[in-house]
Amino acid sequence: MGYNFTDIEKKWQARWKENNTYRVKEDESKEKFYVLNMFPYPSGAGLHVGHPLGYIASDIYARYKRLQGYNVLNPMGYDAYGLPAEQYAIKTGQHPAITTEQNIARYREQLDKIGFCFDWEREIRTCDADYYHWTQWAFIKMFNSYYDNDACCAKPIAELCEKLAAAGTAGINAACGKELELTAEQWNAMSEKEQQETLMNWRIAFLGETMVNWCPALGTVLANDEVVDGVSERGGFPVVQKKMKQWCLRVSAYAQRLLDGLNTIDWTDSLKETQRNWIGRSEGTEMEFYVKDSEKHFTIFTTRADTIFGVTFMVLAPESELVAELTTAEQSEAVKAYIERTKKRTERERMVDRSVTGVFTGSYAVNPITGENIPIWVSDYVLSGYGTGAIMAVPAHDSRDYAFAKHFGIEIRPLIEGCDVSEESFDAKEGTIINSPTAAFASCGLSLNGLSVVEAIAATKKYVSENNLGRIKVNYRLRDAIFSRQSYWGEPFPIYYKNGVPCPIPEECLPLQLPEVEKFLPTESGEPPLGHAKMWAWDEANRCIVDKTLIDEKNIFPLELNTMPGFAGSSAYYLRYMDPKNDKALVSEQADKYWQNVDLYVGGTEHATGHLIYSRFWNKFLFDLGYSVVEEPFKKLVNQGMIQGRSNFVYRIKDTNTFVSLNLSKEYDVTPLHVDVNIVKNDELDIEAFRAWRPEYNDAEFILEDGKYICGWAVEKMSKSMYNVVNPDTIVENFGADTLRLYEMFLGPLEQSKPWDTNGIDGCHRFLRKIWNICFDKEDNLVLTDEQPTREELKAIHRLIKKVSEDIPNFSYNTTVSAFMICANELSSLKCNKRSVMELFVIVLAPFAPHICEELWSLMGHTTSVCDAEWPKCNEEYLKEDSIKYTISFNGKARFTMDFAPEAAREEIEAAVLANEQSQKYLDGKSIKKIIVVPKKIVNIVIG
RNA sequence: GCGCCUGUGGCGAAAUUGGUAGACGCGCCAGACUUAGGAUCUGGUGUUUAGCGACGUGUAGGUUCGAGUCCUAUCAGGCGCACCA
């Protein structure tokens with residue numbers, strides 16, 4: 001008999017469900033604690049053993065907090081919209097809703113077996129209309145808002161309209177696409193349609209003509225974080241740049257707050273750093289350059305204003321509107337050809353091939369300080385999306401400008417004392433400025449010679465702004481998020497087009513349900529899949545969806561055909577868990593006030609520049625409007641590492657069906673082949689299972705070492721094709737969920753990526769059996785007694801309580817599991833069978849191994865769940881030692897040990913050590929220079 | 001190129017934050033009990049040496065009575081950003 005984990009786990013999982021053990025309600029009498037996992041996308045492959053890692057870690061934390069008396073919210077749901085279900089639908093015609101439903105069922109089944117304390121009553125799915133109602137609602141709020149830079153918050157667009165009507169753009173400092181200057185008269189003279197188009201310049205959710213990452217294979221655009229190395233993150237298809245009209249979110253308006261907010265939250269430094277890089281704040285100067293013999297002028301952005309005297313050419317981005325304006329007749333053919341060429345290149349080609357290219361426009365700019373004439377070039381090394389899409393080039397002090405100047409034979413003018421620019425540019429921001437200005441321009445009124453770079457930048461900035469040549473400017477790398485996707489399986493936009501003007505559906509009419517379509521592909525005319533939907537027009541008067549053949553542009557209008565991207569539904573889901581059934585609001589004020597924000601968020605680093613930026617932005621927006629009480633959604637973030645696969649190999653001798661064991665394989669000409677890790681144990685191949693694995697191996701022959709076939713191994717991505725996928729279900733079947741939970745934590749530090757290796761799991765399983773065997777005899781009779789525990793027993797259990805209480809808040813779960821094992825070994829060798837000791841053990845173990853602990857707890861006679869026990873406090877009294885072993889060293893070398901009473905004074909210890917016989921041997925008549933006594937540890941005697 | 005992180009037995013890893021390495025687990029070795037089990041228990045297990053001992057935390061220096069931990073240089077691996085002006 002013994003520890004029957006299968007029955008125990010089934011029994012308690014059923015009982016938890018029946019008793020609603022994990023249901024949570026707001027309870028003002030208790031302090032709240034909100035634990036959250038990044039919810040999964042339910043993929044068709046189901047869970048492998050790596051997925052639950054973070055869930056287990058947060059589950060342990062949630063259970064621990066509950067034992068400490070907190071009211072713990074630990075919800076779970078599904079990020080159900082996504083490309084795989086849609087791709088599958090295109091291939092098979094199966095509706096993505098059905099695929100998704102099936103996958104969710106499978107996920108749930110797998111999750112339930114592991115014994116999580118999720119409150120499933122609060123489950124959400126982003127594809128449920130009850131849920132995306134609030135995604136659409138938030139979008140309308142963003143559509144109806146602008147960002148006031150002075151007040152640093154979002155405000156209703158109606159307020160902006162009033163200001164425009166009263167005084168035009170004067171006095172308005174708002175986040176916008178383009179700086180506009182309008183008088184009130186101009187604004188008021190505009191038609192309704194013109195006004196609406198102009199407002200797009202300020203709306204937080206706006207329709208914008210932008211360069212987008214177009215993925216032809218997927219037939220949709222992608223956000224910057226969805227493009228990796230010039231190909232799509234999902235599928236790895238090529239991505240090209242294309243100008244398209246798209247819904248965008250003005251995330252850039254929040255750049256500074258997203259940056260500042262990082263200082264207020266408890267995330268790892270590396271993740272914060274990643275976000276800082278992504279936001280990419282850069283302080284610099286904008287300067288106006290006039291075109292020679294012309295009224296035309298343009299703006300450039302530079303962080304090195306001090307190098308203004310070293311500018312020997314200007315460069316425009318090929319996409320810049322200025323290119324056409326500034327190209328002279330003689331150069332127009334060459335420029336046109338160049339632009340055609342760059343347009344054809346994909347993002348990937350551009351990244352791989354970094355050869356220097358460019359073309360002269362024929363025009364010259366005038367240096368605003370020296371009056372010098374500078375040729376204007378076009379080159380694709382200047383990006384249209386950053387800064388102003390135009391730069392002043394200083395080849396001596398910028399490596400890219402340097403490469404360009406060398407290639408085209410342009411002057412390189414060094415400005416820093418002692419720098420050598422014959423081979424490469426001097427990019428460092430250090431040194432003393434010279435040649436600024438050179439003799440030819442000595443009378444320009446600005447001299448930087450003798451200043452350091454930092455001083456020179458400041459001096460130039462001052463000069464530029466005082467003389468109205470430009471202004472100080474902060475630039476961000478962070479771009480506005482492109483929010484349209486040409487897909488079917490996503491949230492529909494609550495937008496219809498009235499004579500081309502986008503209008504939101506009234507809030508009361510939400511949710512706008514995703515319509516049925518016949519095909520999930522784009523239409524023949526190139527519209528997104530929603531173009532196939534029949535019932536997809538808005539009846540404005542009756543406020544309902546109608547057949548699109550009825551569109552008359554008077555009462556009935558076409559609806560938006562794009563859908564929202566994956567990050568839409570995941571941006572505010574944490575708020576929805578607080579009040580998931582509310583049909584009046586995203587979250588009630590009362591629930592929001594109680595749960596506030598997420599205290600502990602657990603998930604992978606791969607969302608650093610996607611979800612974790614969008615979600616922070618989205619919640620800051622809701623905070624501005626008063627719908628969320630806390631500005632930052634995730635107080636503490638823990639990133640669990642990735643679980644990689646550990647593949648096994650067999651070695652087949654070429655052109656035979658004979659396999660040779662690892663250490664003998666060098667003697668033969670062999671081909672390594674992946675073998676299913678599930679038929680290998682401790683790298684030893686189960687030969688019979690191997691023969692049965694595949695028909696072609698039925699009659700395989702083996703060359704063994706020591707009677708065994710040893711496999712080779714390697715760490716690779718966990719994937720079907722490498723036969724290294726391990727399912728949690730298999731582990732649960734063989735060892736039980738409690739063992740799986742313990743082992744996943746024991747594997748190594750939570751944040752570290754590590755390969756899954758089933759080899760060590762026996763140790764964790766043995767530990768649980770040991771606990772069981774302490775409590776039961778061979779006939780399964782409980783053998784616990786009510787006797788007083790001995791001092792040794794108390795010491796062992798209180799040491800454990802102390803260790804566990806210290807480790808859990810630091811997520812050092814791997815050492816906690818070790819501590820459990822040590823304590824179990826101690827108790828076992830002390831033959832401890834005291835109920836009071838084992839009760840304490842069971843409580844502290846319960847977060848890690850809830851099933852066995854519930855069973856033991858109930859067998860000990862408790863009628864309530866172990867979840868509602870009280871977390872024990874460590875009694876330091878029991879930890880006191882009778883004596884302390886000191887290591888005695890001479891000149892830092894440990895020689896012997898001596899015991900002293902815990903409160904022994906320094907002098908006492910010194911005297912005793914010096915009087916010791918062995919000391920005499922090491923002292924050997926040498927003089928003592930110093931004696932160092934480290935309390936409770938070491939006495940080091942320095943001699944010489 | 002810029003920024004961040006990691007290097008410890010055959011393997012996964014510990015190390016109270018500067019206190020005298022390798023806890024715990026796997027594996028391996030030996031033994032016990034067993035009508036054999038992928039069970040349980042006990043002991044051993046960094047290298048070297050017959051032994052005392054010596055040497056050991058990627059490499060080379062340094063600070064210190066004392067360094068896996070701090071400093072300098074260097075090598076290797078990983079991650080993020082990247083024509084960002």
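Note on naming: letters A, B, ... go to the chains in the order of the sequence lines (proteins, then strands), and numbering restarts at 1 for each one.
- Between A:Leu750 atom CG and B:C5 atom P there is a gap of 19 Å when expressed in whole angstrom units.
- Annotation: ring pair (Phe, Tyr, Trp, His ring centres under 6.0 Å) contacts of A:Phe890 (sequence neighbours excluded): A:Tyr922.
- Proximity note for A:Ser270 (side chain, C-beta onward) versus B:A85, B:C4, B:C28: the nearest is B:C4.
- Every residue was checked against the ring pair (Phe, Tyr, Trp, His ring centres under 6.0 Å) condition with A:Tyr338, not counting sequence neighbours, and none meets it.
- Separating the CD atom of A:Gln275 from the C1' atom of B:C79 is a distance of 15 Å, rounded to the nearest angstrom.
- Taking the six-membered ring for Trp and the full ring otherwise, the centers of A:Phe5 and A:His765 sit less than 6.0 Å from each other.
- Comparing A:Arg895 and A:Asp762 by the nucleotide of RNA chain B that holds the closest heavy atom to each, the one mapping nearer the 5' end is A:Asp762.
- To the nearest angstrom, C1' of B:C24 lies 15 Å from CG of A:Leu768.
- Positionally, the nearest nucleotide of RNA chain B for A:Asp269 lies more toward the 5' end than for the other of A:Asp269 and A:Val934.
- Shown here are the salt bridge (charged side-chain N to carboxylate O under 4.0 Å, His left out) partners of A:Arg646, two or more places apart in sequence or in another chain: A:Asp683, A:Asp757.
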Sequence neighbours left out, cut at 3.5 Å: what donor-acceptor pairs do the side chains of residues 606-613 of chain A make with other protein atoms?
from	atom 1	to	atom 2	distance (Å)
A:His611	ND1	A:Ser570	O	3.4
A:His611	NE2	A:Tyr601	OH	2.7

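- Taking the O4'-C1'-N9-C4 or O4'-C1'-N1-C2 dihedral as appropriate, B:U48 has a value more than 90° from 0 and is therefore anti.
- For the strand RNA chain B, secondary-structure stems (runs of at least three Watson-Crick or G-U pairs, all distances below 3.5 Å) span B:1-7 with B:75-81, B:10-12 with B:24-26, B:27-32 with B:40-45, B:46-48 with B:53-55, B:58-62 with B:70-74.
- With B:C83, B:C26, B:C4 as the choices, the nucleotide that has an atom nearest any side-chain atom of A:Tyr381 turns out to be B:C83.
- Picking from B:A54, B:A85, B:G38 the nucleotide with the shortest atom distance to the side chain of A:Val382 gives B:A85.
- Interface residues of residues 803-816 of chain A facing RNA chain B, ordered by number: A:Asn814, A:Thr815; criterion, heavy-atom separation under 4.0 Å.
- Using a 4.0 Å heavy-atom cutoff across all strands shown, A:Asn825 reaches sugar-phosphate atoms only and no base atom.
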Distances under 3.5 Å only, N/O to N/O: pair up the protein atoms with those of nucleotides 80-82 of chain B.
from	atom 1	to	atom 2	distance (Å)
B:C81	O3'	A:Arg477	NH1	3.2
B:A82	OP1	A:Arg477	NH1	2.5

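- Contact annotation: A:Asn759 does not reach the phosphate of B:G25 (side-chain N/O to OP1 or OP2, under 4.0 Å).
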**OP:** Heavy atoms under 4.0 Å is the rule here; annotate nucleotides 63-71 of chain B 5' to 3' with B where the base is hit, S where only the sugar-phosphate is, and - elsewhere.
**Re:** --B------
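- For A:Phe426, the ring pair (Phe, Tyr, Trp, His ring centres under 6.0 Å) test picks out no residue, with sequence neighbours left out.
- With a 6.0 Å cutoff to the six-membered ring centre and a 45° limit on the axis angle, A:Arg616 does not count as a cation-pi contact of A:Trp278.
- Taking atom CG of A:Leu271 as the reference point, atom P of B:G78 lies 21 Å away to the nearest angstrom.
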Output a table of nitrogen or oxygen pairs between the protein and nucleotides 40-44 of chain B separated by less than 3.5 Å.
from	atom 1	to	atom 2	distance (Å)
B:U40	OP1	A:Arg769	NH2	2.6

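- The distance between atom CD1 of A:Ile888 and atom C1' of B:G19, rounded to the nearest whole Å, is 13 Å.
- Protein atom CG of A:Leu747 is 14 Å distant from nucleotide atom C1' of B:C24, rounded to whole Å.
- With sequence neighbours excluded, the residues forming a ring pair (Phe, Tyr, Trp, His ring centres under 6.0 Å) with A:Phe900 are A:Tyr886, listed by chain and number.
- Applying the 6.0 Å contact sphere to CE of A:Met898 captures more than 12 heavy atoms from other residues, nucleotides or ligands.
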Under 3.5 Å, which protein N or O atoms sit close to an N or O of nucleotides 6-11 of chain B? Give each pair with its distance.
none

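- Residue A:Phe848 contributes atom CZ, which lies 18 Å from atom P of B:C24 at whole-angstrom precision.
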